[in-house]
Amino acid sequence: MVHILGINLPDDQLARFALTSIYGVGPHLSHRLCARFQIHDKCRVRDLTPFQTTALSSFLQSPKTALPVTQYPLAPINFIPRPPSKSIQELQAEFNAERAAQKQKRDEKLQKMGKLPVEDVKAKVGGRKAPEKKSRDPLTELRIESELRREIRENIAHQRLIGSYVGRRHAMHLPVRGQRTQTNAKTARKLNSLDRW
Amino acid sequence: MIGQVVAFNQTLNDPIKYFGTPKNMLLEFRLLSQRCSVIRNITILTAEELNSAASGPSHKTRYVLTGPSGCGKSFLLLQAVQYCLAKEWIVIYIPRAKTMVNSTTTHVYDLRTQTYLQPNYAHQTLRRILEVNSANLQTLTMRDGLSYERRSFSSGTTLAQLASAGSKDPAISSVVFETLLTELCRQSKIPVLLAVDDFQSIYNQKTTYRDPHFSAIRPYHLAIPRFILEFASGKRSFPKGAIIGALTAADPAFPVTNELMDELGVPGVHPRSPYSKRSKIFQEYARGLRNLPVPTEFSPREAASVFETWMRDNALTAPANDELFLAKYTESGGNPKAFVWQGILGTLEGAAPVVNESTSWPQLREGRI
């Protein structure tokens, strides 16, 4: 039994399906999460390593503060790997050093061309934050459980505050999206309200 | 000899038991009382090619068995595996190569090889290779030592000991598998056969695996498919041996790609032009592969032997006579799979309904029940 965010994931379920039991995570997000932590499609929850479970839990607890995924190099066609005696720590250190060197080289090149490195540009745009580019990765803006419920509550409260039709319908416990009310509005009458979540 | 049905004996290092077989073949073997296959012209030809390959490097004997669905490619590959084992080769048989690219085994990025290792798959493959080839592997020793993660193997360790260590511990199995292949590429004492079914699955552009950025992982960025691609392209070579692959014609998830079809000279289902998409990387990995076309039909003699084998196993509910044999042979067009599954096993459905002319009800008269 694996516990993530207080939710118990059954051992015999596929990990990709089990993650959808988290509020706010559907099939696509679950697939993305599994890809990020190198969990293959047919992995059962009991086959998850402790490292993967910890990494998943810590990511889901605060997705915004998670470190971005590093782009590791992939072997070109005639690549000859180093001998196995070289330890992973040495290789990682070499890789980090190479990346830092590349970044420095890039910054020097930009400075020579008269363009400043990226961090300085952001500082220069007079106090006002430069508009952030929307990331294509939905995991960077992941909202789950209590945060998502709060967002929905706030959205409904906002609709009521501005006095919109949508807000009024929530307040009256009636369907919001133009459904019929002569018959059949039972779910809306039961569930629609201002303090829904 | 041609047209004779012979059984695969159950030996101690039975490849069918340890390596497994493709699914259709497994089902057929379950139905038959003994696992057997018929010797065809192409079997003799393949055996002759393997005899000449025993003295040459594997990059000179790289064949791909092609043909329409059900013509007997997988069976021929299994016959080649059994033949090489009988000739005391080292045999590495992968009956379902698509299981290494369809995201069913663990994958983990490795910075040293810059590929995604598949430790569980390597562990399982090492165990199978060891079970089938233990006698041969015990006669071969490592030339260089190996030290990895507090485990070390001195030079002079037998390959059987190395494989055994790797088959017990998935943590080191990837490195052990890589070392085993490297050592097999150095020894020229025993020929090695690498036989891969579902060969086209490792030539598809995208596997079902996804990397942390959610892009599809390519087969040459997965450790084990990369080894097979390197052997298939001749970049890695056994000093003595052969590489044989068998395509699976009818798998929509992993179709036969343009690069393979161009290299093998196979027409393919859909027409392709010089403007069709091709990958330079896969063209390089497919370079030098030779087509070994498997005949699309059984000869009447071969079909008769197969028919008699199933007849002796009491698979025919209809009376076994020449008319039935010729009817089934014609209906299937000689295609081996259709002949067995729709032809011979189709008799299990019972006799065809006979039209009753004397009944007064028209629907019954037409033979519809």
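Chain A is the first sequence line, chain B the second, and so forth, proteins listed ahead of strands; every chain is numbered from 1.
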Looking at side-chain heavy atoms only, is the closest gap between [X] and [Y] below 4.5 Å?
X	Y	value
V69(A)	H213(B)	yes
Q38(A)	Y209(B)	no
E230(B)	I77(A)	no
T106(B)	C43(A)	no
H28(A)	F214(B)	yes

Is there a donor-acceptor pair under 3.5 Å between the side chain of [X] and the backbone N or O of [Y]?
X	Y	value
H221(B)	A75(A)	yes
T113(B)	P81(A)	no
R112(B)	R82(A)	yes

Contact part of [X] toward chain B, heavy-atom cut-off under 4.5 Å: side chain, backbone, both or neither?
X	result
S85(A)	both
P83(A)	backbone
I39(A)	backbone
F79(A)	both
Q92(A)	both

Give, for atom [atom1] of [X] and atom [atom2] of [Y], the distance between the pair rounded to the nearest 0.5 Å.
X	Y	atom1	atom2	answer
K42(A)	T99(B)	NZ	OG1	13.0 Å
T104(B)	D41(A)	OG1	CG	9.0 Å
I88(A)	L111(B)	CD1	CG	5.5 Å
T70(A)	Y109(B)	OG1	OH	10.0 Å
S103(B)	H31(A)	OG	NE2	6.5 Å
H40(A)	N102(B)	NE2	CG	10.0 Å

Look at atom [atom1] of [X] and say whether more than 12 heavy atoms of other residues, nucleotides or ligands are closer to it than 6.0 Å.
X	atom1	answer
K64(A)	NZ	yes
K109(A)	NZ	no
F95(A)	CZ	yes
I162(A)	CD1	yes

Ring pair (Phe, Tyr, Trp, His ring centres under 6.0 Å) involving H59(B) - partner list, sequence neighbours excluded: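 Residues passing ring pair (Phe, Tyr, Trp, His ring centres under 6.0 Å) with H59(B): none at all.
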Distance-minimising heavy-atom pair for A35(A) and R210(B):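 So the minimum-distance heavy-atom pair works out to CB-CB, 3.7 Å.
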Nearest heavy-atom neighbours spanning N78(A) and K235(B):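 Nearest heavy atoms, N78(A) then K235(B): OD1-NZ, 3.6 Å.
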Which atoms of [X] approach chain A - backbone, side chain, both or neither, heavy atom under 4.5 Å:
X	answer
V175(B)	side chain
I281(B)	both
T208(B)	both
D110(B)	side chain

Residue among E178(B), R226(B), E284(B) with most heavy-atom pairs under 4.5 Å to chain A: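 The candidate making the most pairs under 4.5 Å is R226(B).
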